[in-house]
Structure formats: C-alpha cells, structure tokens
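Encoded as structure tokens, here's the structure I'll be asking about.
Throughout, residue positions are numbered sequentially from 1 according to the sequence presented.
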Amino acid sequence: MASPASSQQPLPPNYKTVLDNADVLVQRVHYGPHEFIPPHDHYAVVTVLVYLNDSGVVELAHEPKPGDTEPDVVKRPPTHTGAFRIGPAAFERHSVRNLGDVPSDFFRVELKQLPLDWLKDQVRGPAPTPPLHDGVSTEYTDARLRIDRIICKAATACSIDADPAPSVLITIPTPDELAKEPHLERWVQPGEHVVITTSRDHAQYLRILLLPAKP
C-alpha cells in the first residue's frame with residue numbers, strides 16, 4: 001500500500017514545508033554550521049534528497065533500538081551541489097549535528113504515492129562534472145520514478161518540455177541564488193510546458209517525475 005503523508009507532527013524549524021499535495025511533501029532543509037537539531041521523527045516514506053550546496057559531514061544519532069543502550073550514530077558524508085539520494089521508506093527518530101563550518105542545504109521530496117516496499121536500497125546520483133553540456137539527461141528511471149537533469153545555456157529562455165507525468169522541478173542554485181532565491185521548487189502539472197528565463201551560464205534543474213502505476 002502507499003505510504004501516508006509524513007506531516008503528522010511538527011518538525012524543528014530547520015524543515016520548512018514549501019509544497020504539499022496528494023503526491024508529494026517538499027521541505028527545504030537548512031542546518032547551520034555546527035548546529036545541533038534535537039530529536040525528531042521522519043515517517044516511513046520513499047524520499048528524494050536534492051543537495052543545494054557543497055557541505056561537510058553531518059552526524060545523525062538514531063535512538064537506541066530495543067535491547068541497545070547507545071544510539072546508532074551515522075555520519076552523512078559531505079554533499080555536492082546538484083547531487084541527489086533516493087532513500088527507502090523507513091521510520092526514523094534522530095537528532096542531527098552539522099559538524100561542518102558551512103551550512104547544509106537540501107530539499108526533502110517525500111513521495112506519498114509510492115508503496116512502502118518499492119525501494120530496497122538507497123540510490124545515489126552524483127553531481128555533474130564540468131564542463132556541463134546543454135540538454136536533458138535521465139539520471140534515474142524505473143516503472144514509477146524518473147529523475148532528469150536539465151542544463152540550459154546562458155541568458156536564454158530555458159524550455160522544459162511537457163510530460164504526461166506530474167513532476168517537481170528544482171533549481172540547482174549558485175551560492176548567490178541559494179542565499180537570495182526564496183523559491184527554488186515548482187510543481188509541474190501533467191502536460192504543462194515550462195519556460196524559465198535564466199541569466200547565467202548553464203543553469204541547472206533537477207526534475208523528479210512521478211510515473212503512473214501500471215494497471
């Protein structure tokens with residue numbers, strides 16, 4: 001069966017909900033340098049994390065499992081702008097500590113309609129390596145989900161083709177855009193053709209397409 005919405009309890013203010021509909025819950029997340037975020041819950045739902053900056057190591061301390069006395073501490077490695085990770089559905093209760101000297105900024109895109117057992121192991125998509133080339137590349141695809149990277153050259157109208165599937169479109173920002181741009185996310189309706197004007201070299205977008213379940 002599909003996963004429930006994960007917005008049942010309030011999260012720390014580090015998690016800001018920017019989009020919530022029947023298909024997705026999108027949160028913009030910010031951990032300040034050396035910031036500690038107290039324990040909080042993430043409900044079981046398949047999630048795509050899209051990293052918005054180059055950040056350092058983040059430590060996650062999961063509450064002890066039954067029979068254990070010590071928390072399960074894992075360290076998320078440094079992230080890179082434009083990389084992504086798809087995580088299986090799993091309930092988590094943990095605290096977070098940013099061990100780095102710079103913030104950690106990313107989107108959590110929770111996919112409400114995917115079955116809880118849809119993904120067994122996490123999938124990582126690396127950031128693109130310069131030089132960047134204009135066009136669309138599919139970086140992940142299966143029967144229910146496709147992730148495209150879109151790169152557009154400078155000072156043009158970046159045309160993003162219509163698709164039968166709804167999608168979340170995320171702008172991969174420069175450091176200046178990350179600090180100034182309040183809206184880096186956009187919900188794209190099925191069949192909607194999107195045109196974005198960009199003024200920088202090789203503007204980059206990640207598009208998360210939600211493919212319909214086959215009968």
First locate atom CD of Gln122, then atom CD1 of Ile86, and finally report the distance between them rounded to the nearest 0.5 Å. 10.0 Å
Below 4.0 angstrom, N of the basic side chain to O of the carboxylate: do Asp142 and Arg144 qualify? no
Within the structure provided, determine whether Ile160 and Val188 are in side-chain contact (heavy-atom separation under 4.5 Å). no
NZ/NE/NH1/NH2 to OD/OE distance under 4.0 Å, Arg28 and Asp105: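 Answer for the salt bridge query: no.
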When you compare the side chain of Val58 with that of Leu99, does any pair of heavy atoms fall below 4.5 Å? no
Give the minimum heavy-atom separation between Pro88 and Asp121, together with the two atoms involved.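 Shortest heavy-atom contact: CG-C, 3.8 Å.
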Output all residues satisfying side-chain hydrogen bond (donor to acceptor under 3.5 Å, both in side chains) with Arg124, sequence neighbours left out; order by chain, then residue number. none
Check the side chains of His30 and Asn14 for a donor-acceptor pair under 3.5 angstrom, ignoring hydrogens and angles. no
Starting from Val168, can I reach Leu145 by hopping between I/L/V/M/F/W/Y residues whose side chains sit under 4.5 Å apart? yes
Would you say the side-chain atoms of Glu92 pair up with the backbone N or O of His62, donor to acceptor, closer than 3.5 Å?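 No.
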Pair Leu49, Phe84 - check side-chain contact (heavy atoms from CB on, under 4.5 Å), show working. CA-CA 5 Å; Leu49 305 180; Phe84 66 89; over 6 Å; no
Residue pair Pro173 / Glu177: nearest heavy atoms and the distance that separates them: CA-OE1, 3.4 Å
Working note: Leu52 + Leu184, criterion side-chain contact (heavy atoms from CB on, under 4.5 Å); need CA distance, chi angles, decisive distance, verdict. CA-CA 10 Å; Leu52 303 178; Leu184 298 172; 4.2 Å; yes
What are the two closest non-hydrogen atoms of Pro190 and Pro164, and how far apart are they? CB-O, 3.2 Å
Could you tell me which residues satisfy side-chain hydrogen bond (donor to acceptor under 3.5 Å, both in side chains) with His34, sequence neighbours excluded, listed by chain and number? Asp101
Is there a path of hydrophobic side-chain contacts, each under 4.5 Å between heavy atoms of I, L, V, M, F, W or Y residues, that connects Phe107 with Tyr140? yes
Using only atom types and a distance under 3.5 Å, with no angle test, would you say the side chain of Thr79 pairs donor to acceptor with the backbone of Pro77? no
Taking the six-membered ring where the residue is Trp, are the ring centres of Phe106 and Tyr31 under 6.0 Å apart?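 Yes, the ring centres sit under 6.0 Å apart.
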Closest heavy-atom contact between Pro128 and Pro130?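 Taking Pro128 first and Pro130 second, the nearest heavy atoms are O-CD, 3.7 Å.
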With a 4.5 Å cut-off on side-chain heavy atoms, are Val96 and Phe36 touching?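 Result no, sub-4.5 Å side-chain heavy-atom pair not found.
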Measure the spacing between CG of Leu60 and CG of Asp72 and express it to the nearest 0.5 Å. 10.0 Å
Shortest non-hydrogen separation from Val195 to Ala157 and the atoms involved: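 Closest approach of Val195 to Ala157: CG1-CB, 3.7 Å.
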If you measure only the distance, is there a donor-acceptor pair under 3.5 Å linking the side chains of Thr81 and Asn53? no
Are the side chains of Thr197 and Cys158 in touch, meaning some heavy atoms are under 4.5 Å apart?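 No, their side chains stay 4.5 Å or more apart.
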Count the heavy atoms belonging to other residues, nucleotides or ligands that lie under 6.0 Å from NE2 of His193, then report whether that count exceeds 12.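 Result for NE2/His193: enclosed.
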Looking only at heavy atoms, what is the nearest atom pair of Pro38 and Pro12, with distance? O-CG, 4.4 Å
Could you tell me the separation between the CD1 atom of Ile147 and the OG1 atom of Thr141, rounded to the nearest 0.5 Å?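 Between atom CD1 of Ile147 and atom OG1 of Thr141 there are 9.5 Å.
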His42 side chain to His40 backbone, donor-acceptor under 3.5 Å: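 It does not hold such a pair.
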Please round to the nearest 0.5 Å and tell me the distance separating atom CD of Glu185 and atom CD1 of Ile170. 7.5 Å
Got His80 and Pro126 here, is their nearest side-chain heavy-atom distance under 4.5 Å? no
State, with a plain yes or no, whether a side-chain heavy atom of Leu11 is found less than 4.5 Å away from one of Gln27.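 They are in side-chain contact.
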Side-chain contact, heavy-atom cut-off 4.5 Å: Glu192 with Val194? yes
Report yes or no: do Ser55 and Arg76 form a side-chain donor-acceptor pair below 3.5 Å? yes
For the residue pair Ser104 / Asn98, report whether a side-chain donor-acceptor contact shorter than 3.5 Å exists. no
Show the numbers, then the answer: is there a side-chain contact (heavy atoms from CB on, under 4.5 Å) between Glu59 and Val57? CA-CA 7 Å; Glu59 183 180 85; Val57 175; 5.7 Å; no
Examine Val48 and Leu119 and state if one hydrophobic cluster contains both, with Ile, Leu, Val, Met, Phe, Trp and Tyr joined whenever side-chain heavy atoms are less than 4.5 Å apart.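 Yes; Leu119 is reachable from Val48 via cluster members.
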Go through Val109 and Thr47 one step at a time and tell me if the side-chain contact (heavy atoms from CB on, under 4.5 Å) criterion holds. CA-CA 5 Å; Val109 182; Thr47 304; 5.7 Å; no
List the atom pairs, with distances to 0.1 Å, where a side-chain N or O of residues 203-215 and a protein N or O form a donor-acceptor pair under 3.5 Å, not counting sequence neighbours.
unit_1	atom_1	unit_2	atom_2	d
Gln204	OE1	Arg149	NH1	2.5
Arg207	NE	Ser167	OG	3.0
Arg207	NH1	Asp161	O	2.9

Within a strict 4.5 Å, meaning less than it, do heavy atoms of the Asp163 and Asp148 side chains meet? no
Output, in order, the C-alpha distance, side-chain angles, deciding distance and verdict of salt bridge (charged side-chain N to carboxylate O under 4.0 Å, His left out) for Asp23 and Lys112. CA-CA 5 Å; Asp23 295 302; Lys112 298 179 183 180; over 6 Å; no
CZ-OG1 distance between Arg108 and Thr17, expressed to the nearest 0.5 angstrom: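 Rounded to the nearest 0.5 Å, the CZ-OG1 separation comes to 10.0 Å.
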Joint cluster assignment, Leu178 & Ile151, ILVMFWY side-chain distance < 4.5 Å: no
Honestly curious: do Leu169 and Tyr51 fall in one hydrophobic cluster under the side-chain, below-4.5 Å linking rule? no
For Leu132, is there any backbone N or O sitting under 3.5 Å from a side-chain donor or acceptor partner on His202? yes
Value rounded to 0.5 Å, distance of CG in Leu116 from OH in Tyr43: 14.0 Å
